[in-house]
Amino acid sequence: MLALADCNNFYASCERVFQPHLQNKPVVVLSNNDGCVIARSNEAKALGIKMGEPAFRLKDIIKSKNIQVFSSNFALYGDMSKRVMSTMREEVKRMEVYSIDESFMDFSGEASPEEKAIALRKKVLQHTGIPISIGIAPTKTLCKVAGLIAKKHTKTGVFLLNDKKLIERALKWLPVEDLWGVGRKHASFLKNVGINTAYDLCNADNSWIKRHLSVIGLRMVKELRGTPCFGLEENAKQKKNICTSRSFGKKVNKLEELKESVSSFASDCAYKLRQQKSCATRISIFITTNPFNPNAKQYKGLTSIKMDTPTNDSIEIVRLALQALEKVYRDGYVYKKAGVVVSDIVPQSQQQLSLFDNLDRKKHQKIMSSLDLINNKMGKDKVRLAVQGHQRKWRLKQERLSPCYSTQIKEALVIKL
DNA sequence: TCTGGGGTCCTAGGACCC
DNA sequence: TCTGGGGTCCTAGGACCC
């Protein structure tokens, strides 16, 4: 038996923990650049605010319904996530952190899984202030179904889905597009051929499912029928690709400004590589214009460089990223977004030196360790490469940013008695 | 004026090998 | 007139997830 714990409206809930007067009020959290809605409290959902809706279209309703709006504060959400996860980990044998706001847990051998879940939910709420829902079932995909029911149709926030009859009822109730693993494209395809519910899909033929939804779809259906295909993965795997990208808060058209941002993204990728103790062999960069602006000339520049020796050295990765940038940059466009991706990742311990390598890697490694030490202590990019610049005009728009209550001592809540 | 960021996996097709 | 069979590796694109 597995359980899936899911934080309710996670980002909005994080903001409310530190501003309890916002309980029962509509709250939304915006994406980077205050671009579009990425989290909504139940009250905001009830007002009809859609996921991904651009913020500028919501101006009127925000005012008329007095909706509380926040810029996204990922330092806060990441830290709150850690607290929720560690609270749950104290109570279960095995656990997989599946995303920032979800975890799968081993509930096998629990005499009363529902009571266990209710107690867990209570503890998380008490210790962190974050409300969660828990779905319990024999497979991950069924846990997802149980979680949906827990969230929408229970008072306890907990739902156990293990009885055959009950599973059948649930699958007949569940629209196929709400299944974990069925996205927009597959959903519209399935509806076109008359498959409307999860139950309909379960009755489809295996080879037909594989042909149209690939083996991933087939695994999902097998899980719905009760056969586990996805195990609990306790250890976080090393990432195979690492990307840092941003949309710009203002218009960027000069190569110089792009250089500042691209070198910052590259240096961030190198930092992430060092954090997971791995090296990359390929570095890619992309720059794009604003696809939403119908009047702008459109351009997408994308290129990558393969290296002889895997590296996680900021200096080297930044240098290559800038080389790549020179290749794809075209004058005369207004750029909206840029990004750096590092891939072909190998563990740092398996770094294979090239025969013709002439970089003093030991020395560079020392520089990188010092850099990380200082920046971890004093703040991100406190010490950086000169090419990363100091004006940073491209940086994010964040007009409604809440304090980093739990990660910056200066921003901690002060309670006056 | 104004539309996020970061991932995974699978498949098809091309280039290449013997 | 006529051109096999069996592989691997790589990449781009598309689907999905949060």
Side-chain angles (χ1 to χ4, degrees), chain A residues 4-7 9-11 28-39 49-60 62 69-74 77-78 81 96-104 140-141 144 147 176-190 209-220 229-230 233 236-251 265 268-269 272 276 281-282 284 286 288-296 300 302-304 306 334 336-345 395-400:
Chain A
L4 168 69
D6 188 337
C7 300
N9 316 323
F10 183 52
Y11 300 163
V28 302
V29 177
L30 304 180
S31 62
N32 274 339
N33 273 320
D34 296 345
C36 55
V37 174
I38 57 168
I49 293 175
K50 296 272 181 315
M51 190 71 171
E53 198 153 352
F56 67 88
R57 281 202 214 127
L58 295 172
K59 273 208 172 122
D60 293 343
I62 285 170
V69 180
F70 292 90
S71 302
S72 40
N73 183 344
F74 291 107
Y77 312 147
S81 170
E96 170 190 343
V97 175
Y98 175 69
S99 75
I100 193 165
D101 69 336
E102 283 171 80
S103 79
F104 287 102
K140 280 184 165 179
T141 309
K144 279 278 185 181
V176 75
E177 67 265 29
D178 291 347
L179 268 173
W180 186 46
V182 175
R184 257 213 326 254
K185 283 279 162 70
H186 286 332
S188 81
F189 164 75
L190 289 170
I209 294 169
K210 188 172 175 205
R211 188 159 70 245
H212 291 105
L213 306 182
S214 88
V215 294
I216 299 182
L218 184 56
R219 284 189 201 125
M220 171 193 71
C229 297
F230 308 115
E233 288 170 19
K237 287 190 186 147
Q238 293 215 321
K239 302 227 185 311
K240 298 175 179 175
N241 298 287
I242 289 174
C243 172
T244 302
S245 72
R246 292 288 178 276
S247 295
F248 301 130
K250 61 170 287 260
K251 285 176 182 168
F265 303 156
D268 196 44
C269 284
K272 291 175 185 171
Q276 68 161 31
T281 322
R282 180 182 292 277
S284 315
F286 61 86
T288 62
T289 50
N290 183 359
F292 295 108
N293 184 351
N295 303 318
K300 276 184 188 169
L302 168 68
T303 190
S304 76
K306 176 111 181 160
V334 178
K336 179 64 181 169
K337 184 174 179 176
V340 174
V341 185
V342 290
S343 48
D344 292 8
I345 291 176
R395 73 180 200 293
L396 297 173
K397 186 170 123 190
Q398 291 182 310
E399 290 174 350
R400 321 294 286 265

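Within every chain, numbering begins at 1; the chains are lettered A, B, ... in the order of the sequence lines, protein sequences first and strands thereafter.
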Residue list, ring pair (Phe, Tyr, Trp, His ring centres under 6.0 Å) with A:Phe56, at least two apart or on another chain
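Applying ring pair (Phe, Tyr, Trp, His ring centres under 6.0 Å) to A:Phe56 gives none.
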
Pairing residues for A:Phe10 by the ring pair (Phe, Tyr, Trp, His ring centres under 6.0 Å) criterion, not counting sequence neighbours:
none

Suppose we screen for side-chain contact (heavy atoms from CB on, under 4.5 Å). Which residues come up paired with [X], at least two apart in sequence or across chains?
{"X": "A:Asp6", "value": "A:Asp101, A:Glu102, A:Lys151"}
{"X": "A:Glu399", "value": "A:Asp34, A:Lys397"}
{"X": "A:Val97", "value": "A:Met85, A:Arg89, A:Met95"}
{"X": "A:Ile345", "value": "A:Ile242, A:Leu273, A:Gln276, A:Ser278, A:Ala280"}

Watson-Crick and G-U pairing of DNA chain B, under 3.5 Å, as dot-bracket with | and [ ]
....||||||||||||||

Would you mind building the protein contact string for nucleotides 3-10 of chain B? One character per nucleotide, 5' to 3', B for base within reach (heavy atoms under 4.0 Å), S for sugar-phosphate only, - for untouched.
BSSSSSSS

Could you write nucleotides 13-18 of chain C as a row of B, S and -, 5' to 3', where a protein heavy atom under 4.0 Å of any base atom gives B, of only sugar-phosphate atoms gives S, and otherwise -?
--SSSS

Here the distance between atom P of B:dC2 and atom NZ of A:Lys250, to the nearest Å, is 13 Å

For A:Lys140, all residues meeting side-chain hydrogen bond (donor to acceptor under 3.5 Å, both in side chains), sequence neighbours excluded:
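By the side-chain hydrogen bond (donor to acceptor under 3.5 Å, both in side chains) rule, A:Lys140 matches A:Glu96.
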
Between A:Arg211 and B:dT11, is there a contact of a side-chain N or O with OP1 or OP2 at under 4.0 Å?
no

Tell me the closest heavy-atom pair linking A:Lys50 and A:Val37, and the distance in Å.
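Reported closest heavy-atom pair: O-CB, 3.8 Å.
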
What residues, two or more places apart in sequence or in another chain, satisfy salt bridge (Lys or Arg N to Asp or Glu O under 4.0 Å) together with A:Asp344?
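A:Arg282, A:Lys306.
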
Checking A:Lys59 now: which residues fulfil salt bridge (Lys or Arg N to Asp or Glu O under 4.0 Å) with it, not counting sequence neighbours?
none

